[in-house]
Amino acid sequence: MKYLALSIWLATLLNAEGYEIGHGAEINDKLHMGGYLSAEYKSSDIQDELELDDVALLLYGNLSSSFSYLLELEASPFYSIDFKDDTTTIDTKFHYERVYVDYRYSELLNIRVGKQITPIGYWNLEPINVLRDTSSSPLYSYIMFPKLLTGLDLYGYLDDEYSVSYHLFVQNSKDLDEEYTNIKTDYFIGVSLRYEVSDSLQFGGSAGRYKTIDDPKNINFVQINIKYDNDPWVVQSEVAYNDIEYTVDGDNDSRLSGYIQTKYNINNHHALIARYEYMDSGREDIVDHIAVIGYSYRPIYALSIKTEYQLNSDSDLNRAIVSLSVLF
């Protein structure tokens, strides 16, 4: 039944009147339908795997001039083949990645309620593979703070020039779908700011606190980010620091992680990417250094073919990744 439902959704999307790939389909005045999928091949000394990594359905629209909504259901990994173990895994369960309602009051104040992307930095705001520069994500992006939150976000611009924006977000409950989040938490509060110095330069930062459910601990975080975008060059960097309070033994710990990435656009379709990542896990006494060299080919906006090679301080983890991703 799940395969049938997926086939019906895809057939409806592709055959919708006026459909254009990457822009979804307008079903009626209040409902648009879209989606995305990605496939990845990963190869290393300890890994030889092919995955249909993300299969996602998007429903979104405007309910009025002030209210809008988005529903994103995702299965990941949907289908995988492990060539080393000669095993196949299928997981067709779709999870709530995002489901929220937006209320637009003014440029100064907007309200988003529901499960949503945590509004921190740059990388976390691009959860869809086809929109990212590389298939892999920096360590920083999934170990330092929850990628998603179920709660309330107040956001807007603090000035008339739209150069200073803010987010004030809070979660005071369990996640809407605890199986589908990188860090399980039932309390998460934070603030983020961004200042656009010019069309090509911006920087910002965030701070907050969250409490984990598994292996209970309270974690304070601070984060900074900066981006320079002046074609053909794009350089961005994000760094975060965790102050960790273990609730069981009362000990304190810290963690530091970040990355710097450079992209050179050869032309509108081809780009070269280089990234350096760092992570110091504190009392776990693990320090990781990762270098990534990648190439991206985007024949059209909604289709991306990427390849990359990762060099890790633990050479067993060196790996190559090739991916194909599509936004419907």
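V326 and Y19 fall within the same hydrophobic cluster, where Ile, Leu, Val, Met, Phe, Trp and Tyr residues are linked whenever their side-chain heavy atoms come under 4.5 Å apart, directly or through other members. Placement of L154 and Y187 within a single hydrophobic cluster is found when ILVMFWY residues are connected by side-chain heavy-atom separations under 4.5 Å, directly or transitively. Cluster annotation: I189 is connected to L193 through the hydrophobic network of ILVMFWY side chains, with a link wherever side-chain heavy atoms come within less than 4.5 Å. There is no path of hydrophobic side-chain contacts, each under 4.5 Å, that joins V287 to M279. Under a hydrophobic clustering in which Ile, Leu, Val, Met, Phe, Trp and Tyr are joined whenever their side-chain heavy atoms come within less than 4.5 Å, directly or via other members, L57 and Y69 fall into the same cluster.
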Q.
side-chain hydrogen bond (donor to acceptor under 3.5 Å, both in side chains) for N129 and E40? Distances and angles first, verdict last.
A. CA-CA 10 Å; N129 187 317; E40 292 184 349; 3.3 Å; yes
**Q.** salt bridge (charged side-chain N to carboxylate O under 4.0 Å, His left out) assessment of D186 paired with K211
**A.** CA-CA 7 Å; D186 57 8; K211 180 169 68 72; 2.8 Å; yes
Q: Quick one: do V164 and Y157 satisfy side-chain contact (heavy atoms from CB on, under 4.5 Å)? Show the steps, please.
A: CA-CA 6 Å; V164 181; Y157 290 95; over 6 Å; no
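Counting only N and O atoms by type, the side chains of Y162 and D160 include no donor and acceptor under 3.5 Å apart. For the residue pair Q261 and Y276, no side-chain donor N or O sits within less than 3.5 Å of a side-chain acceptor on the partner. No hydrogens or angles considered: a donor-acceptor pair under 3.5 Å links the side chains of E72 and Y36. A donor-acceptor pair shorter than 3.5 Å can be found between the side chains of R275 and T134. Side-chain contact of S325 with S38: a donor-acceptor pair under 3.5 Å is absent, judged by distance alone. A donor and an acceptor atom, one from each side chain of E238 and Y140, are located under 3.5 Å apart. With 3.5 Å as the limit, one finds a donor-acceptor pair spanning the side chains of R319 and Q310. Defined by atom type and a distance below 3.5 Å, a donor-acceptor pair is missing between the side-chain atoms of H269 and Y297. Side chains of N318 and N312: no donor on one and acceptor on the other come within 3.5 Å. Between the side chains of D102 and Y155, at least one donor N or O lies within less than 3.5 Å of an accepting N or O. Judged purely by distance below 3.5 Å, without hydrogens or angles, the side chains of R209 and N220 pair a donor atom with an acceptor atom.
Using a 4.0 Å cut-off between charged nitrogen and carboxylate oxygen, D175 and K115 count as a salt-bridge pair. Under a 4.0 Å N-O distance rule, the pair D215/K217 qualifies as a salt bridge. Taking 4.0 Å as the cut-off between side-chain N and carboxylate O, K263 and D133 count as a salt-bridged pair. A salt bridge between E51 and K42 is present, with a side-chain N of the basic residue lying under 4.0 Å from a carboxylate O of the acidic one.
One N or O on the side chain of Q171 and one on the backbone of T150 form a donor-acceptor pair closer than 3.5 Å. Judged by distance alone, the side chain of S304 and the main-chain N or O of R298 form no donor-acceptor pair under 3.5 Å. For the pair D177 (side chain) and H95 (backbone), a donor-acceptor distance under 3.5 Å is absent. Remark: side-chain polar atoms of D288 are not paired, donor with acceptor, to backbone N or O of Y278 under 3.5 angstrom. A donor-acceptor pair under 3.5 Å is absent between the side-chain atoms of D45 and the main chain of D316, judged by distance alone. Here the side chain of N242 pairs no donor or acceptor atom with the backbone of I244 at under 3.5 angstrom. Checking side-chain atoms of Q223 against main-chain N and O of S206 turns up a donor-acceptor pair under 3.5 Å. Using a distance-only test at 3.5 Å, with no hydrogens or angles considered, a donor-acceptor pair links the side chain of D91 to the main chain of K93. Using modelled atom types, no side-chain atom of D86 and backbone atom of D82 make a donor-acceptor pair closer than 3.5 Å. With hydrogens and angles disregarded, a donor-acceptor distance shorter than 3.5 Å links the side chain of E277 to the backbone of L139.
Less than 6.0 angstrom separates the ring centroid of F188 from the ring centroid of F169. Taking the six-membered ring where the residue is Trp, the centroids of W233 and Y264 are separated by under 6.0 Å. The aromatic ring centres of Y195 and F203 sit less than 6.0 Å apart.
The shortest side-chain heavy-atom distance between D253 and Y246 falls under the 4.5 Å cut-off.
The number of heavy-atom neighbours closer than 6.0 Å to OH of Y96, taken from other residues, nucleotides and ligands shown, is 12 or below. More than 12 non-hydrogen atoms from other residues, nucleotides or ligands lie less than 6.0 angstrom from CG of N267. Within 6.0 Å of OH in Y301 there are 12 or fewer heavy atoms belonging to other residues, nucleotides or ligands. Enclosure of atom CG in L109 by more than 12 non-hydrogen atoms of other residues, nucleotides or ligands within 6.0 angstrom is indicated. Within 6.0 Å of atom OH in Y309, more than 12 heavy atoms from other residues, nucleotides or ligands are found, so the atom counts as buried in its surroundings. The environment of NZ in K174 is sparse: at most 12 heavy-atom neighbours from other residues, nucleotides or ligands sit within 6.0 Å.
Nearest heavy atom pair, residue I273 against residue S296, reads CD1-CB, 3.9 Å. Closest approach of R132 to K306, counting heavy atoms only: O-NZ, 3.6 Å. Of all non-hydrogen atoms in V113 and L152, the two that sit nearest each other are CG2-CD1, 3.7 Å. When every heavy atom of W123 is checked against every heavy atom of S136, the shortest pair comes out as CZ2-O, 3.3 Å. For L52 against L37, the heavy-atom pair with the smallest separation is CD1-CD1, 4.4 Å. The minimum heavy-atom distance between P119 and L149, with the atom names listed, is CD-CD2, 4.1 Å.
A cation-pi arrangement is present between K227 and Y122 under the rule of less than 6.0 angstrom and at most 45 degrees off the ring axis.
For the atom pair N182 CG and N124 CG, the distance stands at 8.0 Å (nearest 0.5 Å). Note: H167 NE2 to S192 OG = 5.0 Å, rounded to the nearest 0.5 Å.
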